[in-house]
There are 2 protein chains.
Amino acid sequence: MTDTAPRPTLEAVAARAGVSRATVSRVVNGGDGVRDVLVERVRKAVDELGYVPNQAARSLVTRRHDAIAVVVAEPETRVFADPFFAHQLRGISKELTAHDNQLVLLLTEGRDDHARVGRYLAGGHVDGALVFSLHLDDPLPELIQRAGIPTVFGGRPGWSGDRREVVYVDSDNRGGARDAVRHLAGLGRTRIAHITGALDQTSAADRLDGYRDVMVDADPRLIAEADFTPAGGERAMHELLERCPDVDAVFAANDLMASGALRVLRGSGRRVPDDVAVIGFDDMRPVAEQTDPPLTTVRQDIEEMGRLMARLLLRGLDRDAPREGVGATPSSVVLPTTLVRRGSA
Amino acid sequence: MTDTAPRPTLEAVAARAGVSRATVSRVVNGGDGVRDVLVERVRKAVDELGYVPNQAARSLVTRRHDAIAVVVAEPETRVFADPFFAHQLRGISKELTAHDNQLVLLLTEGRDDHARVGRYLAGGHVDGALVFSLHLDDPLPELIQRAGIPTVFGGRPGWSGDRREVVYVDSDNRGGARDAVRHLAGLGRTRIAHITGALDQTSAADRLDGYRDVMVDADPRLIAEADFTPAGGERAMHELLERCPDVDAVFAANDLMASGALRVLRGSGRRVPDDVAVIGFDDMRPVAEQTDPPLTTVRQDIEEMGRLMARLLLRGLDRDAPREGVGATPSSVVLPTTLVRRGSA
DNA sequence: ATGAAAGCGCTAACAA
DNA sequence: TTGTTAGCGCTTTCAT
């Protein structure tokens, strides 16, 4: 491990270039209104000294940090089991990088952490926040409101009774679910079951709604509640098989659960898709492409969601942005989904 | 999105509490040597005003940021296909959180990004860096050295000819590989093949070495070079089958490749483990537990690696830490692995 | 086009 | 124990 050496300051550069600190500052920040000769001299001094501006000092006066926080509020370890999270992060990172912003990652491990996150957000370390994985009863939005920091949510926040306008990016969970179920119906299936996700998340609730849109008076026994995990999918599939042995199709609210269902189906001696057709949601390639048979699923562009969230937030932060008219206050976005056909349906 | 309100300063709190700024500062930073009455008064004022210290101002004088950067230098999108990354991150996050440090995530997307990362690290935004996924020819270590910032590497860095002492955390790749191959040999297998990872990463090279340790004069045709991806595993397995149809065991350098190999094996009509035994590496549960048959594999405690990296870095940063004696300069750590037996071998 | 000077909000000597 | 004071390194009026 190396030890930190003392860094040159603006002052040092100014001395070396034979100009004032103000001039160096101007050059460092774009150099408008400074004679070319001086710009050159200053640049040279900067290079020779290896000068890098001290962000703390800069932020102290500009009140900007060029950093945004990504808050992943997932009490469970689930986030880490699926690549969803990583993809979003990647999209966010790309967009932020393109705008010279840094990404500060805040992972919360349960209730105790919320206070810490709240403090951090309120502490003026970052210019804005991107918040994920909210459950209905999550106290985080409240904290964030209090922190008074611009925020974009990932996924439609579910809490009700909130008057404030929130900005979020979500995919069309309901529409995607409809497409999936319609596809199954189009295959001639009539006993189409649904394995739900954790219903305290809007994504799960919306997918269930989509299922119901198509299966208007579905046998309630065809709906099994689960939690987005493979084990949950297995459990739900067992239930379903027991309650309705005549089930001929299953729409699972994500790929992980679908893969669990697939295993149970195989174990029960049923062939997929011949006896029972299966559709998942997410299109997580490592999962969906490697089940047997490969999974037909509803794809959402996760990385794009991340990118969009970042873009929305940055736009809202932009001081020169138009305060009214088109694109003034960013508003929520819902991205379309597409059905990807593979072997399972 | 909410707009930011002007925050109260130390000054304001001092005025309200009827004390000096210095006293408020003391209270805010622990409150030693301040009379209880005043501590109380100040705390009250802080609460009433909703005062939160301005980090920029604080860092400017303390030169600490209580933030460390995590640099993930993975040109490929591979990081995002496997949960490895997320697990490390989680371990790191936990440890940092426990020490009131923030995590700044720096994702690099290829060469162009390196300069940006270098600038950031040199910019004095963070107190230290945790760096991952180095390839042999990676320019990042060089940049980091120049930035002169304390660093701990994840995985043994492979570049040679570097005199400086580097601190890293790695798992015992070579030993783990030996265990795996010995297990296969113990099963009576004699034609044991190896599918390597990307050999420009030390983890892959070390696992290959471990394989060779046991298979001292292995038929070179039993070694197929791949790249840690499932597709690479499939390709390698095809090669292997073609070159050595009598292969009776395969040790793949990670679970993803092992799952690919499993598919090819099944496709070729071979039974696992009866005809060919298979062992992976990593113990990525979502993968290893859900292959058919479930994968026997070498487990490494990824989260612990992350935690350890953070701990090492923080210890090195600690100003009050003993500069000599036990635990003075942190040194590298290699964590043990364990063989997890499932169905495939 | 350039420089002088005033602070941004905080901590840390030093005095009292 | 508490207050006074001098900066930390930078940006930004305001003069020149």
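Below, read A as the first sequence line, B as the second, and so on, with proteins coming before strands; counting in each chain starts at 1.
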Hey, does the side chain of B:T23 come within less than 4.0 Å of D:dG3's phosphate (OP1/OP2), counting only N and O?
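Checking B:T23 against D:dG3: at least one side-chain N or O falls below 4.0 Å of OP1 or OP2.
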Contact summary for B:V117 and B:T108, nearest pair of heavy atoms
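It is CG2-CG2, 3.5 Å.
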Nearest heavy-atom pair of A:V169 and A:M305: which atoms, and what distance?
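Looking at all heavy atoms of both residues, the closest pair is O-CE, 3.8 Å.
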Quick one: [atom1] on [X] to [atom2] on [Y], what's the gap to the nearest 0.5 Å?
{"X": "B:N54", "Y": "B:R7", "atom1": "CG", "atom2": "CZ", "value": "9.5 Å"}
{"X": "B:L105", "Y": "A:L105", "atom1": "CG", "atom2": "CG", "value": "6.0 Å"}
{"X": "A:H65", "Y": "A:Q102", "atom1": "NE2", "atom2": "CD", "value": "13.0 Å"}
{"X": "B:E304", "Y": "B:Q88", "atom1": "CD", "atom2": "CD", "value": "11.0 Å"}
{"X": "A:L106", "Y": "B:L96", "atom1": "CG", "atom2": "CG", "value": "11.0 Å"}

Under 4.0 Å from any heavy atom of chain B: name the first and the last nucleotide of DNA chain C that qualifies, 5' to 3'.
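Boundary nucleotides touching chain B, in 5' to 3' order, are C:dG9 to C:dA13.
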Treating primed atoms plus P, OP1 and OP2 as sugar-phosphate and everything else as base, which nucleotides of nucleotides 8-16 of chain D get B, S or - for protein heavy atoms under 4.0 Å?
BBBBBB---
By the salt bridge (Lys or Arg N to Asp or Glu O under 4.0 Å) test, which pairs, at least two apart or in different chains, include something from residues 23-44 of chain A?
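Output for this query lists A:K44-A:E48.
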